[in-house]
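Shown next, in structure tokens, is the structure this report addresses.
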There are 2 protein chains.
Amino acid sequence: MENSAENVRSQMRKGVLEYCILSILDKKEAYASSILEELKAANMIVVEGTLYPLLIRQKNQGLLSYRWEESTQGPPRKYYCITEKGRQQLGEMDVAWQEIVDTIRTIKEQQI
Amino acid sequence: MENSAENVRSQMRKGVLEYCILSILDKKEAYASSILEELKAANMIVVEGTLYPLLIRQKNQGLLSYRWEESTQGPPRKYYCITEKGRQQLGEMDVAWQEIVDTIRTIKEQQI
DNA sequence: ATTAGTACTTTGCGTTGCAAGGTATTTGAA
DNA sequence: TTCAAATACCTTGCAACGCAAAGTACTAAT
């Protein structure tokens with residue numbers, strides 16, 4: 001129930017994940033498995049059961065769109081790409097993220 | 001259902017709040033209302049219904065302890081203070097937070 | 001035909017933040 | 001004395017989110 005170290009990381013990931021997805025798709029379109037790899041490379045471990053529903057949510061909110069593309073090795077892939085509305089939201093998230101970073105710094109800096 | 005800007009901030013707060021509380025109490029003991037004020041001053045808006053259960057959770061996990069103290073103006077206050085276990089957890093959170101900040105930077109930096 | 005690999009999806013659970021409403025104590029004015 | 005305002009703590013019900021686990025489907029190679 002209490003894995004401490006890993007649980008701490010898991011909790012902090014909440015809310016930042018959506019921001020990561022939009023940031024990744026802002027660079028270039030990608031399908032779920034490739035997004036998973038990029039997150040893993042950036043040290044942000046996420047599992048399928050987390051990512052897929054998130055992509056669907058963001059699509060339903062109009063932040064993403066997708067198209068199917070055949071693959072030479074396996075089933076077709078669902079390539080997601082960010083929409084105009086998604087870019088707008090990403091802009092808000094950039095601001096929100098900077099605010100949170102500043103907030104933590106403020107709280108920490110008052111230490112003597 | 002979708003307040004965008006405010007909702008974005010609310011989501012990002014998740015998981016970081018516990019970190020903020022421990023950081024604040026690592027400096028000096030405090031009671032709920034004063035913690036609320038410090039969070040507000042640091043631009044991290046939180047409401048009572050969020051903070052009280054959180055303090056109780058952290059106390060039940062052994063991260064915090066408390067003592068009652070009379071007030072000259074109003075009902076007695078519950079002063080919380082961080083425990084040794086709480087300091088340990090705070091150390092882990094410091095690491096986890098730095099990792100997340102680095103992760104976001106990594107993802108963002110690859111942009112051209 | 002069967003297995004392995006890749007990719008997408010769903011279900012059920014526990015945790016968390018929040019809105020809203022509630023309880024209790026003290027002080028000061030009517 | 002009584003009532004309102006201020007301060008402080010607590011609880012309930014809801015919705016959102018991450019995750020473990022299990023499921024579906026397509027392709028290629030054995």
Side-chain angles (χ1 to χ4, degrees), chain A residues 1-4 6-21 29-40 44-61 63-64 66-80 93 96 100, chain B residues 1-4 6-21 29-40 44-61 63-64 66-80 93 96 100:
Chain A
M1 179 184 285
E2 221 184 307
N3 192 341
S4 209
E6 191 41 47
N7 194 39
V8 161
R9 280 164 182 73
S10 168
Q11 285 309 313
M12 281 193 179
R13 278 196 283 271
K14 288 190 186 182
V16 182
L17 246 181
E18 287 198 32
Y19 181 42
C20 290
I21 307 305
E29 62 177 9
Y31 64 103
S33 299
S34 67
I35 294 175
L36 278 176
E37 276 173 34
E38 176 153 356
L39 287 173
K40 196 175 166 188
M44 170 85 80
I45 309 301
V46 178
V47 295
E48 287 186 324
T50 297
L51 182 61
Y52 282 97
L54 197 159
L55 288 171
I56 292 169
R57 278 202 306 274
Q58 292 189 322
K59 195 223 78 190
N60 289 339
Q61 287 171 20
L63 308 178
L64 305 178
Y66 69 82
R67 62 181 176 76
W68 286 99
E69 184 170 312
E70 295 298 324
S71 164
T72 55
Q73 32 184 327
R77 296 167 175 173
K78 210 170 177 177
Y79 276 85
Y80 283 93
M93 284 180 160
I100 297 231
Chain B
M1 179 184 281
E2 221 182 306
N3 190 341
S4 211
E6 192 40 47
N7 196 37
V8 160
R9 281 165 181 73
S10 168
Q11 286 309 313
M12 283 193 178
R13 278 198 282 272
K14 288 191 185 182
V16 182
L17 244 182
E18 287 200 32
Y19 181 41
C20 290
I21 306 305
E29 61 176 6
Y31 63 104
S33 300
S34 67
I35 294 174
L36 278 176
E37 276 174 33
E38 176 153 357
L39 288 172
K40 197 176 168 189
M44 170 83 82
I45 307 302
V46 178
V47 295
E48 287 187 323
T50 297
L51 182 61
Y52 282 97
L54 198 161
L55 288 171
I56 291 169
R57 279 201 305 274
Q58 292 190 322
K59 195 222 78 187
N60 289 339
Q61 287 170 21
L63 308 178
L64 304 179
Y66 69 82
R67 63 179 174 78
W68 286 100
E69 185 172 310
E70 296 297 322
S71 165
T72 54
Q73 32 184 325
R77 298 166 174 172
K78 209 171 177 176
Y79 276 85
Y80 283 93
M93 284 180 161
I100 297 231

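On a predicted model such as this, the values are computed, not experimentally measured, just so you know. In what follows, chains carry the letters A, B, and so on, assigned in the order in which the sequence lines appear, proteins first and then strands, with residues in each chain numbered from 1.
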Distance in angstrom units between [X] [atom1] and [N] [atom2], rounded:
X	N	atom1	atom2	value
A/Leu51	C/dT6	CG	C1'	15 Å
B/Asn60	D/dC10	CG	P	11 Å
B/Glu18	C/dT15	CD	P	12 Å
B/Ile35	D/dA8	CD1	P	12 Å
A/Trp68	C/dT6	CH2	P	17 Å
B/Arg77	C/dA24	CZ	P	20 Å
A/Tyr79	C/dA7	OH	P	8 Å
B/Tyr66	D/dA8	OH	P	18 Å

Does the pair B/Leu54 and B/Val46 meet the rule for a side-chain contact (heavy atoms from CB on, under 4.5 Å), with working shown?
CA-CA 11 Å; B/Leu54 198 161; B/Val46 178; over 6 Å; no
What's the spacing between B/Arg67 CZ and B/Glu29 CD if we round to 0.5 Å?
4.0 Å
Taking ring pair (Phe, Tyr, Trp, His ring centres under 6.0 Å) as the criterion, tell me which of B/Tyr79, B/Tyr80, B/Tyr66 meets it with B/Tyr31.
B/Tyr79
Go through the N and O atoms of the side chain of A/Glu48 and the base of C/dC8, and report whether any donor-acceptor pair is under 3.5 Å.
yes
Need to verify one output field. Residue with the more 5' nearest nucleotide on DNA chain D, A/Val47 or B/Tyr80?
B/Tyr80
Comparing nearest nucleotides in DNA chain D, the 5'-proximal residue of the pair A/Glu70, B/Thr50 is B/Thr50
Does [N] have OP1 or OP2 sitting under 4.0 Å from an N or O in the side chain of [X]?
X	N	value
B/Tyr31	D/dC9	no
A/Tyr52	C/dC8	yes
B/Arg57	C/dG17	yes
B/Ser33	D/dC9	yes

Could you go step by step and tell me if B/Ile35 and B/Leu55 meet the side-chain contact (heavy atoms from CB on, under 4.5 Å) rule?
CA-CA 10 Å; B/Ile35 294 174; B/Leu55 288 171; 4.2 Å; yes
Which is true for B/Ser71 with a 4.0 Å heavy-atom rule: it touches a base, it touches only sugar-phosphate, or it touches nothing?
nothing
Counting any heavy atom closer than 4.0 Å, what does A/Glu69 reach on the DNA or RNA strands: base, sugar-phosphate only, or nothing?
nothing
Under the side-chain contact (heavy atoms from CB on, under 4.5 Å) rule, what do A/Val16 and B/Val16 come out as? Steps first, then yes or no, please.
CA-CA 10 Å; A/Val16 182; B/Val16 182; 5.8 Å; no
Among the nucleotides C/dT25, C/dT9, D/dG18, whichever has the atom closest to the side chain of A/Leu17 is D/dG18
As a test of reading the structure: which of D/dT11, C/dC18, D/dG18 is closest to the side chain of B/Ile56, going by heavy atoms?
D/dT11
